[in-house]
Each structure stands twice: as C-alpha cells, then as structure tokens.
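Shown next, in structure tokens, is the structure this report addresses.
No experiment lies behind these values; they were computed from the predicted model shown.
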Amino acid sequence: MTATPQAAPDGDGHPDRATEVFLAHRNLLFTVAYEMLGSAADAEDVLQETWLRWVGVDLDAVREQRAYLVRITTRQALGRLRAVGRRRESYVGSWLPEPLLTAPDVAEDVELADSVSMAVMLVLETLTPTERAVFVLREVFDVGYDEIAEAVEKTPAAVRQIAHRARAHVAERRPRGGASPAETRDVLSAFRRATETGDLQGLLDVLAPDVVLLGDGGGIKQAVPKPVVGADKVARLIAAGLRKVPGASLHPAQVNGYPALVLRLGGELDTVLAVRVADGVVTGLYAVRNPEKLAHMARETTLRR
C-alpha cells in the first residue's frame with residue numbers, strides 16, 4: 001500500500017497545494033479516524049483512502065477544506081468500522097484499542113486525553129458505527145450538526161437525536177471519577193515498586209477492591225482470556241506472572257494521553273500496561289500483548305483536535 005504523502009513536491013520543488021492542505025490537517029484526520037476505529041493501523045489505511053480521494057478534488061470548489069477532509073475521513077472510517085466490527089466478533093480473548101505512544105502535549109488537552117484513554121475508547125466500542133461517528137465529531141471535535149449530517153449522510157434533525165442517544169449511552173457506561181496525570185503517575189510509581197519488589201500487600205494497597213484486568217494477546221501471545229475482577233486475584237496474577245519471566249523490567253511511558261507502563265523482556269517491548277486511576281487507586285488495568293498492536297509504541301504519535 002502506498003503511504004500518505006510527507007511532502008510531495010511540485011515542479012518547483014515545493015509541496016503542491018493538495019499535499020500542503022492534507023499535511024496541514026493530517027494529525028487531526030488521524031485522530032478522528034483513530035477515535036472512530038481504536039486502531040492506528042486502520043486509521044492509517046483510512047488516511048490513505050482519504051488522500052486518494054482528496055487528490056482528485058477540485059480545490060477551487062472547496063469552501064471549507066478542513067470540513068471537507070473530515071467528511072471524507074469520517075465516511076471512510078465508517079465503512080472500515082462496519083467491516084472490522086465483524087472481525088472483532090471472532091477476536092480471540094478481549095479486544096483492546098491499539099496503544100499509542102503520545103507526546104506530553106496530549107495530556108495538556110484534558111478532553112482529548114480522556115477521549116483517547118483506554119477506558120473511554122472501550123465505551124465507544126459499545127456504540128453503533130454511526131453513533132460513534134456522531135459522538136466523536138460532536139463531543140471531541142465540536143463539529144456542527146450540519147457538517148456531521150453531511151459526513152454521516154443523515155439529516156441534521158436525525159444527527160441531533162443520534163447525538164443525544166450516544167451521549168446518554170456513554171454517560172451511563174463511562175467510568176466514574178478519574179485522576180489527573182500527576183495523580184496517575186504517583187499511583188503507577190507505587191504500583192511499579194510493589195510489582196518489582198514482589199510486595200503483594202503493596203500491590204493490594206494500590207488496587208481498588210473491584211479492579212478489573214483486561215488482557216489482549218490476539219491469540220498470538222498468552223493473555224488472560226476473560227476479565228479478571230478483584231484486587232486479590234489481580235495482585236496474585238501479576239505477582240505470579242512476573243516471577244515466571246526473569247529479566248522482565250517495567251518502564252514508564254505516556255500512552256494514549258496518560259502515564260502508563262511498558263514491560264520489556266530482554267530489552268524488547270512485550271506488553272503495554274495502561275491504567276485507569278480513581279480516588280488514589282487503580283480501578284482498571286489494560287494489558288496489550290498482541291504484537292500486531294504494538295507498532296505505534298516505537299515513536300510518538302501526534303494527536304490534534
């Protein structure tokens with residue numbers, strides 16, 4: 001597959017107009033696609049499809065270039081979301097969003113960081129494709145109802161109803177509470193110390209009584225096949241798991257806008273461990289081991305609204 005452009009030159013050695021406009025909005029378009037799909041690989045494919053359609057457009061006839069590009073991206077992402085939804089039904093074990101190594105500035109945009117957090121992305125998975133598109137465009141990117149209507153090919157009145165329904169659905173399922181990046185970092189530090197020293201009580205102290213651990217190995221790497229619930233079960237599973245893998249080391253990272261940990265074995269990335277923190281304890285653990293989902297941990301991804 002051909003990559004999306006980085007700086008395709010014109011005859012004078014300068015990027016042509018279509019390329020300049022596309023690159024100016026590329027990070028925004030990737031963020032839209034990623035929030036709709038939960039997969040960086042699929043989002044990159046959507047950007048490629050968007051680019052191929054964009055280069056065939058008469059730019060002089062486009063009044064709002066940003067809106068036009070978002071519309072193309074949304075339609076392509078919707079088509080892909082419907083297709084991958086069928087694949088995810090047969091996914092081995094729990095399906096988790098593809099983790100992104102994000103730049104520190106993502107955490108500074110609280111709403112953006114929350115919208116790409118593992119916990120919220122999993123809630124978005126429970127929406128229908130159209131509900132997800134409408135929710136993401138309206139609640140995260142503040143796109144007007146008329147523009148959304150064009151993107152999802154519905155009437156503005158229908159979009160308002162869908163937005164209302166999606167907001168209620170997300171509000172009902174969104175995890176309560178939450179923590180700042182600084183608080184999350186402190187709790188993660190205590191979690192890491194307890195894990196590395198084999199301090200079972202220390203682990204129990206930083207886990208909520210009803211903490212949930214989800215693991216995604218994609219049928220390629222071993223992972224918990226279903227959610228593990230409860231501090232005692234989760235703490236013992238983590239402690240026992242690390243004892244079995246000598247040479248494992250935990251390192252801090254910024255993942256999907258929040259502090260997280262990465263587990264390395266022999267220097268190689270093995271697992272990304274994202275967390276949800278509330279009231280000073282870990283309420284959710286999201287362990288991604290599927291190697292097909294770890295490619296975007298090699299370099300920072302820039303997200304934009």
Side-chain angles (χ1 to χ4, degrees), residues 4 20-51 54 62-78 80-81 97-125 127 129-152 159-160 162-164 166-167 169-171 174-175 178-181 184 254-260 274 296 299-305:
T4 52
E20 280 189 323
V21 173
F22 185 86
L23 292 179
H25 294 94
R26 189 187 191 286
N27 293 333
L28 162 71
L29 302 177
F30 175 86
T31 309
V32 169
Y34 175 73
E35 293 218 22
M36 284 184 59
L37 294 161
S39 164
D42 285 326
E44 291 286 3
D45 286 346
V46 163
L47 257 62
Q48 171 65 13
E49 293 160 1
T50 299
W51 163 249
W54 175 244
V62 178
R63 292 197 307 272
E64 296 288 341
Q65 294 170 340
R66 178 185 186 275
Y68 196 98
L69 280 165
V70 168
R71 184 160 67 245
I72 300 175
T73 300
T74 300
R75 287 178 180 172
Q76 297 307 312
L78 266 174
R80 185 162 290 257
L81 184 58
E98 185 175 345
L100 302 178
L101 185 67
T102 48
D105 64 344
V106 174
E108 296 170 7
D109 186 337
V110 177
E111 290 184 359
L112 176 59
D114 183 64
S115 71
V116 295
S117 68
M118 286 284 180
V120 171
M121 293 284 279
L122 283 174
V123 173
L124 297 185
E125 283 292 311
L127 295 170
T130 301
E131 286 174 342
R132 185 166 185 171
V134 170
F135 181 87
V136 166
L137 292 178
R138 183 62 186 167
E139 300 301 313
V140 181
F141 298 94
D142 198 29
V143 176
Y145 289 113
D146 289 347
E147 286 184 34
I148 297 174
E150 285 193 59
V152 301
V159 166
R160 287 178 184 275
I162 294 168
H164 176 76
R167 272 194 299 270
H169 182 101
V170 171
R174 182 192 293 266
S180 67
T184 301
Q254 193 81 3
V255 175
N256 287 52
Y258 281 92
H296 276 72
R299 55 180 173 79
E300 282 187 353
T301 296
T302 302
L303 302 177
R304 286 287 181 268
R305 286 205 292 166

Flag side-chain contact, heavy atom, 4.5 Å: L69 against V21: yes
Does any non-hydrogen side-chain atom of L101 lie less than 4.5 Å from one of H296? no
Could you check whether any side-chain N or O of E98 sits under 3.5 Å from a backbone N or O of A40, counting only pairs where one atom can act as donor and the other as acceptor? yes
Between CG of L37 and CZ of F30, what distance do you get to the nearest 0.5 Å? 9.5 Å
Is any side-chain heavy atom of V70 closer than 4.5 Å to a side-chain heavy atom of F141? no
Closest non-hydrogen atom pair, Y145 against A163: CE2-CB, 4.0 Å
Okay, side chain of T31, backbone of R304: is any donor-acceptor separation there less than 3.5 Å? yes
More than 12 foreign heavy atoms under 6.0 Å from CD of E125: is that the case here? yes
Distance in Å, L127 CG paired with I162 CD1, rounded so as to fall on 0.5 Å steps: 11.0 Å
Non-hydrogen atoms of P175 and A119 that approach each other most closely: CG-CB, 3.7 Å
What one should report as the nearest heavy-atom pair of V255 and T102 is C-OG1, 3.9 Å
Determine, for Y68 and R71, whether the Lys NZ or Arg CZ falls below 6.0 Å from the six-membered ring centre while staying within 45 degrees of the axis. yes
Rounded to the nearest 0.5 Å, what's the gap from CG on L112 to CG on L303? Could you check? 5.5 Å
State the CZ-CG distance between R305 and D109, to the nearest 0.5 angstrom. 4.0 Å
Short side-chain to backbone donor-acceptor contact, R75 and E150, under 3.5 Å: yes
The reported gap from CG in D114 to CD in E139 (rounded to nearest 0.5 angstrom) is 11.5 Å
Between V159 and A149 the two heavy atoms that sit nearest each other are CG2-CA, 3.6 Å
Treating N256 as the side-chain partner and V116 as the backbone partner, does any N or O pair qualify as donor plus acceptor under 3.5 Å? yes
Interatomic distance, M36 atom CE to T73 atom OG1 [nearest 0.5 angstrom]: 9.5 Å
Side chain to side chain, W54 and Q65, heavy atoms closer than 4.5 Å: yes
Quick check: does any side chain N or O of R132 sit under 3.5 Å from a backbone N or O of L78, one acting as donor and the other as acceptor? no
Locate the shortest heavy-atom distance separating P97 from Y34; write the atom from each residue and the value. CB-OH, 4.3 Å
Compare every heavy atom of R138 with every heavy atom of R167, then report the nearest pair and how far apart it is. NH1-CG, 4.3 Å
